Amino acid sequence: MIVCLFATPWSLAAQEKEEDNSKVKLTGSIGFFYDYYNFSQKNYNSFRPRYPEHLWRINAQMNIHLGKHFSIPLSVNATNQDVLYTLPSVPEESALDYLQNPANNISINPKYKWAQVFLGTQTPFYSKLSTGDIPIFGVGIELNPGKFLFSATTGKSQRAIEPNVSLNIPGAYEQNIIATRIGIGTIEGSKFTLNAIRIKDDVTSVSTQPIGLQPIEGITFSPYAEFKVFKKIQISTETAASVFTSDVLNTGTLEEDFVNSVKDIININASSTADFAHNSRIDWKGEIFQIGGELQYIGPGFLPVGYRFIERDILDYKLNTALKILKNKLNLTGSFGIRTNNLSDTKLSTARRVITNANAFAQINDAFSLNINFSNFGFNNDTNLLNQRIELVNNSLTITPSYTIKAEKYLHLINANASYNSFEQFDVINNAFAKAENTTYSLNYNLTFLQLPLNLGLQGVYLENELPTGDFNMLNYGLIASYKLLNKKLTPSLGFNIAHIDKPGFTTDYRTDLNLRIGYKISKKLQCRVQYRYTNLTYGSSRQEALLNQNRVQFSINQRF
């Protein structure tokens, strides 16, 4: 009996824990969105619709938890629009084509403890010089038991499209990618990995060669290391090598020693290049002060085949700092970088780019704060030939004060913003600098009734553009109001804006916006919203007697789990 008395509490706790681990839980959200759009115009035949007439979207980001260690993340982003292609025109898609196109995001990724499988569209990120921004429709796996790390993904990054001149479809080869890495460490922490990426166009995937497009093939290999030192210092370093063939159908040959060593892995011909790149970064992060630096070199013939685009033949130096003082009431951050290109002297001139950014945020007191941001971007080359000279400077300064007044019944929030942008570029035709300036002032006032579910807002914006092609000024002012009814479940809101647009030599153009929105909380986790927006553009003499009316209705329903 004594044994039973002592054993019972432990048995109950173990039973409750086992029941809790066996529960099926669903987290995340799913939403359905529908938009309707139409327009009417007068004396504006060149107008192109801003949106499709009917547009629906489904967005689901969910995770099914089965017990403590097993989960199934689901991701669905689907629409009735043609998916994105870098083509002038797109072909008709079958249901299977639609699902397999990497431009969509439809994936199921079961995970058990340290093992995860990827099915559908994935965008694997291994490092800056290997792979990181190309969506792939296929399969993948990631294992991280203890300190062992292994990842592999294979799939289609572009489906085959037959060219059609009459329909303005240049076509595309089917493109496939294989990416893998192996190493020691953890996925989100310190690690050392060997990364290997391969991309290849299938020349047999289309019956006719795409117009203006050559089939490609390439591989990238890189050792990558990321680790922490003394808890505050984080270091990452990577050196990558690539072999890339820009035209698999090229019949020219190369008589190089390395050809024999890689010809069984990749097609090598006269269009092939081989080169390397390097990136190293070190960051020291303290509670008050932070500083970091980055060095990057990209060779002229290097291509990380897991990225769509990268600027080559460059050398980068970057420095980042941050400082928190006065009990975190004053935060200062800054960065400085220099990029130089044409290191191999393969071009007529070398260009240098300078990027500087500084930000200061001060919480003066409980009511008043001030944010100041300055950035500078400069670019020039070293040529003295007038028709090849490039020189430009861009400066931006933004000042944003904020003031809060809290009374017994009201909360007043006042935000102001003043920004100045200057862009100066050397004009080789006129042998002089052309300068464009933009100045913007805005003021926002929000009033919250603490004893009523009512919010009111007023806003005003004045924008002034001074361009070499002509000046442009705009004054915009508006009102927004919202109220909560039915125990705060129903929230109607109204927004109204008027803009005056002035161009020298023309009479004023006017834009009027009316925005009506109703949101309703069906439950704590289920909400729906209906929004109607009407826009009227009445043109002055810049587009004589032109008139444009646009109507857009949006409906959405969203369920959280």
Side-chain angles (χ1 to χ4, degrees), residues 31-59 78-84 88-90 168 417 438 440-446 455-465 467 469-483 485 490-520 527-558:
F32 173 79
F33 306 84
Y34 171 75
D35 295 2
Y36 170 75
Y37 170 81
N38 70 12
F39 71 95
S40 62
Q41 56 81 22
K42 177 182 177 183
N43 298 326
Y44 196 173
N45 297 326
S46 61
F47 174 75
R48 298 180 62 185
R50 301 284 190 260
Y51 310 95
E53 184 178 5
H54 299 282
L55 171 66
W56 62 260
R57 292 167 290 133
I58 296 176
N59 188 324
T79 175
N80 66 326
Q81 269 192 310
D82 291 327
V83 293
L84 298 177
S89 182
V90 298
N168 195 26
N417 178 277
N438 171 277
T440 304
Y441 303 97
S442 66
L443 180 65
N444 296 280
Y445 169 71
N446 290 279
N455 289 282
L456 298 174
L458 295 172
Q459 63 176 4
V461 178
Y462 177 72
L463 181 146
E464 187 176 281
N465 272 332
L467 306 174
T469 56
D471 296 343
F472 167 85
N473 299 328
M474 183 184 74
L475 174 64
N476 182 90
Y477 47 90
L479 165 71
I480 185 170
S482 66
Y483 194 83
L485 304 167
L490 182 66
T491 306
S493 65
L494 168 68
F496 184 73
N497 281 275
I498 298 178
H500 304 250
I501 304 167
D502 292 304
K503 301 175 183 178
F506 299 99
T507 57
T508 303
D509 299 337
Y510 294 94
R511 186 184 69 204
T512 304
D513 286 285
L514 177 64
N515 199 332
L516 301 173
R517 184 172 62 181
I518 297 177
Y520 183 70
Q527 301 180 25
C528 68
R529 187 181 71 177
V530 178
Q531 180 172 321
Y532 168 72
R533 181 173 181 178
Y534 168 76
T535 302
N536 169 266
L537 285 166
T538 303
Y539 291 90
S541 56
S542 62
R543 183 173 275 116
Q544 194 65 40
E545 298 182 357
L547 183 68
L548 174 65
N549 292 305
Q550 298 180 89
N551 295 277
R552 192 179 186 195
V553 179
Q554 297 175 280
F555 169 80
S556 66
I557 183 166
N558 189 75

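The shown structure was predicted, so the numbers you read here are calculated from the model rather than taken from an experiment.
N446 is linked by a side-chain hydrogen bond (donor to acceptor under 3.5 Å, both in side chains) to nothing, counting only residues two or more places apart in sequence or in another chain. Legend: residues meeting side-chain contact (heavy atoms from CB on, under 4.5 Å) with N438, ordered by chain and number and at least two apart, are N421, T440, L463, N465. For S442, there are no side-chain hydrogen bond (donor to acceptor under 3.5 Å, both in side chains) partners, not counting sequence neighbours. The ring-ring contact (aromatic ring centres under 6.0 Å, His included) test applied to Y520 returns no partner, not counting sequence neighbours. Listed by chain and residue number, nothing satisfies the side-chain hydrogen bond (donor to acceptor under 3.5 Å, both in side chains) test with Y483 (two or more places apart in sequence, or in another chain). Every residue two or more places apart in sequence or in another chain was checked for a side-chain hydrogen bond (donor to acceptor under 3.5 Å, both in side chains) with R529, and none qualifies. Legend: residues meeting ring-ring contact (aromatic ring centres under 6.0 Å, His included) with Y441, ordered by chain and number and at least two apart, are absent.
Once rounded to the nearest 0.5 Å, the distance linking OG1 of T79 with CZ of F33 reads 11.5 Å. The CD1 atom of I518 lies 6.5 Å from the CG atom of L490; values are rounded to the nearest 0.5 Å. Between N515 atom CG and N497 atom CG the span is 8.5 Å, to the nearest 0.5 Å. In this structure, the separation between CG on L537 and CZ on F39 is 12.5 Å, given to the nearest 0.5 Å. Rounding to the nearest 0.5 Å gives a distance of 9.5 Å between OG1 of T538 and OH of Y510. In this structure, L479 CG and Q459 CD are separated by 9.0 Å, a value rounded to the nearest 0.5 Å.
By the 4.5 Å heavy-atom criterion applied to side chains, L514 and L494 are counted as neighbours. N38 places none of its side-chain heavy atoms less than 4.5 Å from the side chain of N549.
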CA sep, side-chain torsions, deciding dist, call: N80, L55, side chain to side chain contact (heavy atoms under 4.5 Å, CB included)
CA-CA 6 Å; N80 66 326; L55 171 66; 3.4 Å; yes
Trace of the side chain to side chain contact (heavy atoms under 4.5 Å, CB included) decision for L456 with Y445
CA-CA 8 Å; L456 298 174; Y445 169 71; over 6 Å; no
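Looking only at distances, no side-chain donor or acceptor of N536 sits under 3.5 Å from a matching main-chain atom of T512. In terms of modelled atom types and a separation under 3.5 Å, the side chain of S556 and the main chain of C528 share no donor-acceptor contact.
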Indicate every side-chain donor-acceptor pair of residues 498-506 with a distance under 3.5 Å to a residue at least two apart or in another chain.
| unit_1 | atom_1 | unit_2 | atom_2 | d |
| --- | --- | --- | --- | --- |
| H500 | NE2 | Y477 | OH | 2.8 |
| D502 | OD1 | T508 | OG1 | 2.5 |

Under 3.5 Å, which donor-acceptor pairs link side chains of residues 45-52 to any protein atom two or more places apart or in another chain?
| unit_1 | atom_1 | unit_2 | atom_2 | d |
| --- | --- | --- | --- | --- |
| N45 | OD1 | Q41 | NE2 | 3.4 |
| R50 | NH1 | R48 | O | 3.3 |
| Y51 | OH | R552 | NH1 | 3.3 |

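Just one residue in the list H54, R57, Q554 forms a side chain to side chain donor-acceptor pair (under 3.5 Å) with Y34, and that residue is H54.
The salt bridge (Lys or Arg N to Asp or Glu O under 4.0 Å) analysis of residues 510-519, with sequence neighbours excluded, yields the pairs R511-D513, D513-R533. Residue pairs meeting the ring-ring contact (aromatic ring centres under 6.0 Å, His included) criterion with at least one member in residues 527-554, sequence neighbours excluded: Y44-Y539.
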